[in-house]
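Below: one structure, written as structure tokens.
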There are 2 protein chains.
Amino acid sequence: MTLSEEDYIKAIYHLGKGENNIVSTNEVAEQMKTKPSSVTDMVKKLSDKGVANYRKYKGVCLTEYGQKVALTLVRKHRLWEVFLVEKLNFAWDEVHEVAEQLEHIKSEKLTDSLDELLGFPQVDPHGDPIPSKNGEFKKAVKKLLNEVPVGTSGTCVGVKDSSAPFLKFLDKNRIALGDTILVLEKEEFDGSLHIQVKEKDIRISDQIAANLYLKITE
Amino acid sequence: MTLSEEDYIKAIYHLGKGENNIVSTNEVAEQMKTKPSSVTDMVKKLSDKGVANYRKYKGVCLTEYGQKVALTLVRKHRLWEVFLVEKLNFAWDEVHEVAEQLEHIKSEKLTDSLDELLGFPQVDPHGDPIPSKNGEFKKAVKKLLNEVPVGTSGTCVGVKDSSAPFLKFLDKNRIALGDTILVLEKEEFDGSLHIQVKEKDIRISDQIAANLYLKITE
DNA sequence: ACAAATATTTAGTTTTGTCTAAATTTTAAT
DNA sequence: ATTAAAATTTAGACAAAACTAAATATTTGT
Ligand SMILES: [Mn+2]
Ligand SMILES: [Mn+2]
Ligand SMILES: [Mn+2]
Ligand SMILES: [Mn+2]
């Protein structure tokens with residue numbers, strides 16, 4: 001599998017939300033920042049290789065094998081992210097680009113040794129689960145902060161958007177994974193929230209809340 | 001710089017023995033396992049990019065800038081080799097292939113953090129020196145075991161050939177970097193040596209001796 | 001049901017890196 | 001100094017991955 005093919009496989013996997021839903025040519029094009037015509041060419045090739053099922057005008061999804069490949073890539077990507085944060089002191093908003101390169105390194109021994117070095121982590125720095133060697137992983141029970149009723153309390157376990165600007169915002173506002181968050185009040189007008197995090201009360205917009213995952217504890 | 005360009009730059013660097021000697025098209029082709037015609041195309045491109053100086057039929061060498069690039073690649077390659085051996089318990093004959101991939105990862109921060117994590121190592125698992133961030137490195141004073149007079153004693157500090165078969169041979173015969181070696185006798189007929197390593201006397205062929213570096217101590 | 005809008009594919013190029021076969025230059029041998 | 005051998009370059013082709021422009025299919029709004 002070439003680097004480019006691998007990135008397409010990951011894109012199809014993520015757009016299908018890990019459930020292997022059919023995704024459209026345009027969706028893939030947007031995700032990959034290429035043109036739809038390039039996507040058509042590539043999904044044909046992936047189809048020929050037995051990695052994807054593609055039907056003209058209907059969209060594409062991964063085969064059983066394709067999903068296996070996707071999970072291996074996701075595993076590698078997230079393990080490298082953990083490595084960068086835990087061993088090389090990268091900030092959580094700095095790891096994505098580099099992991100995007102490292103995920104393509106071909107060596108099963110490398111991946112497994114890395115896993116061991118890191119102590120078999122279950123989640124990456126953004127709270128996303130890391131598939132095990134045989135492709136299993138439990139999808140956490142978590143809810144977006146903006147979909148939870150006032151009074152709910154829980155632990156912040158992940159981010160939906162893991163772009164640098166959003167992660168930097170969280171750093172600046174002292175919100176980190178593992179923090180306990182209590183929803184104090186929700187503003188009718190704009191959906192903004194008043195929440196309590198680590199003793200402090202802060203206000204966050206609906207947009208922020210829509211990108212923070214909570215594991216509800218009570 | 002693309003992955004392929006980088007590998008050519010490294011090849012030219014190594015064939016020039018780090019001294020930036022002119023190397024021939026055929027030498028590069030052999031090293032890169034490509035055809036001479038492919039090399040011609042590539043060195044033209046490297047020349048256009050200001051990385052190499054190429055003169056038709058005369059050969060190619062790196063520019064000042066090209067050497068800088070080569071040293072960065074060598075630095076990354078060797079740091080990754082140390083990482084694989086020290087942190088992930090790879091054997092010294094297993095690291096090359098993977099380092100060949102890892103050396104192309106683009107992130108200065110990654111390289112420097114890795115260097116720090118490893119404690120700023122001076123040599124890689126094969127005894128080859130690791131250039132510092134600004135491209136400096138001391139070339140060790142070392143001699144090939146087959147070029148040294150009988151009676152010489154020294155520390156084994158490196159290997160010339162770092163192919164898996166040779167390294168495995170050394171493992172099997174309990175010869176490792178850091179060992180003290182004493183040359184007891186040299187056979188006129190075939191150049192084979194009788195040496196003492198860690199209390200034990202062994203015989204090695206001229207071919208083996210020609211690939212082991214010694215730092216002479218007396 | 002039909003036209004307009006949108007999505008997707010096809011056809012034809014481009015760039016990168018490779019190859020083979022043929023032409024040319026350099027080197028080595030007489 | 002020629003000629004044969006070896007090294008190198010050129011010409012032409014191909015596969016991968018991208019693009020643009022044009023053609024076609026699907027969806028949507030009335
Ligand atoms: Mn990637
Ligand atoms: Mn992540
Ligand atoms: Mn390489
Ligand atoms: Mn090495």
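Protein chains get the first letters and strands the later ones, always in sequence-line order, with residue 1 at the start of each. All values below were derived from every heavy atom in this structure, side-chain atoms included, with hydrogens, water molecules and symmetry-related copies excluded.
Looking at heavy atoms from C-beta onward, A:K186 lies out of side-chain contact with A:H194 at the 4.5 angstrom threshold.
Comparing A:S4 and B:G59, the nucleotide of DNA chain D nearest to each residue sits closer to the 5' end for B:G59.
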How would nucleotides 23-28 of chain D be written as a contact map, 5' to 3', with B for base contact, S for sugar-phosphate-only contact and - for no contact, using protein heavy atoms under 4.0 Å?
-> -BSS--

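Using cut-offs of 30° and 60° on the angle between ring planes, the pair B:W80 and A:F83 is tilted.
Considering only residues two or more places apart in sequence or on other chains, B:E27 meets the salt bridge (charged side-chain N to carboxylate O under 4.0 Å, His left out) condition with none of them. Taking B:E188 as the reference, nothing meets the salt bridge (charged side-chain N to carboxylate O under 4.0 Å, His left out) condition, with sequence neighbours excluded.
Using a 4.0 Å cut-off between a side-chain N of Lys or Arg and a carboxylate O of Asp or Glu, A:E97 and B:K109 do not qualify as a salt bridge. Note on B:E103 versus B:R75: no salt bridge recorded, every NZ/NE/NH1/NH2 to OD/OE distance being 4.0 Å or above. Salt bridge annotation for A:K106-A:E6: present, with a cationic side-chain nitrogen under 4.0 angstrom from a carboxylate oxygen.
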Can you list, pair by pair, the side-chain donor-acceptor contacts under 3.5 Å of residues 61-68 of chain A, counting residues two or more places apart and other chains?
unit_1	atom_1	unit_2	atom_2	d
A:T63	OG1	A:G50	O	2.9
A:T63	OG1	A:V51	O	3.0
A:T63	OG1	A:Y65	N	3.4
A:T63	OG1	A:G66	N	2.9
A:K68	NZ	A:N134	O	3.1

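In the region residues 33-43 of chain A, proximity to DNA chain C at under 4.0 angstrom, judged on heavy atoms, holds for A:P36, A:S37, A:T40. Residues from residues 23-31 of chain A with heavy atoms under 4.0 angstrom of DNA chain D: there are none.
The interatomic distance linking B:R55 (CZ) with C:dT26 (P) rounds to 10 Å, in whole Å. The separation between A:E6 atom CD and D:dA16 atom P is 16 Å, rounded to whole Å.
For the pair A:T111 (side chain) and A:S107 (backbone), a donor-acceptor distance under 3.5 Å is present.
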Go through the steps for B:Y8 and B:Y13 under the test ring pair (Phe, Tyr, Trp, His ring centres under 6.0 Å), then give the verdict.
-> CA-CA 8 Å; B:Y8 273 98; B:Y13 175 83; over 10 Å; no

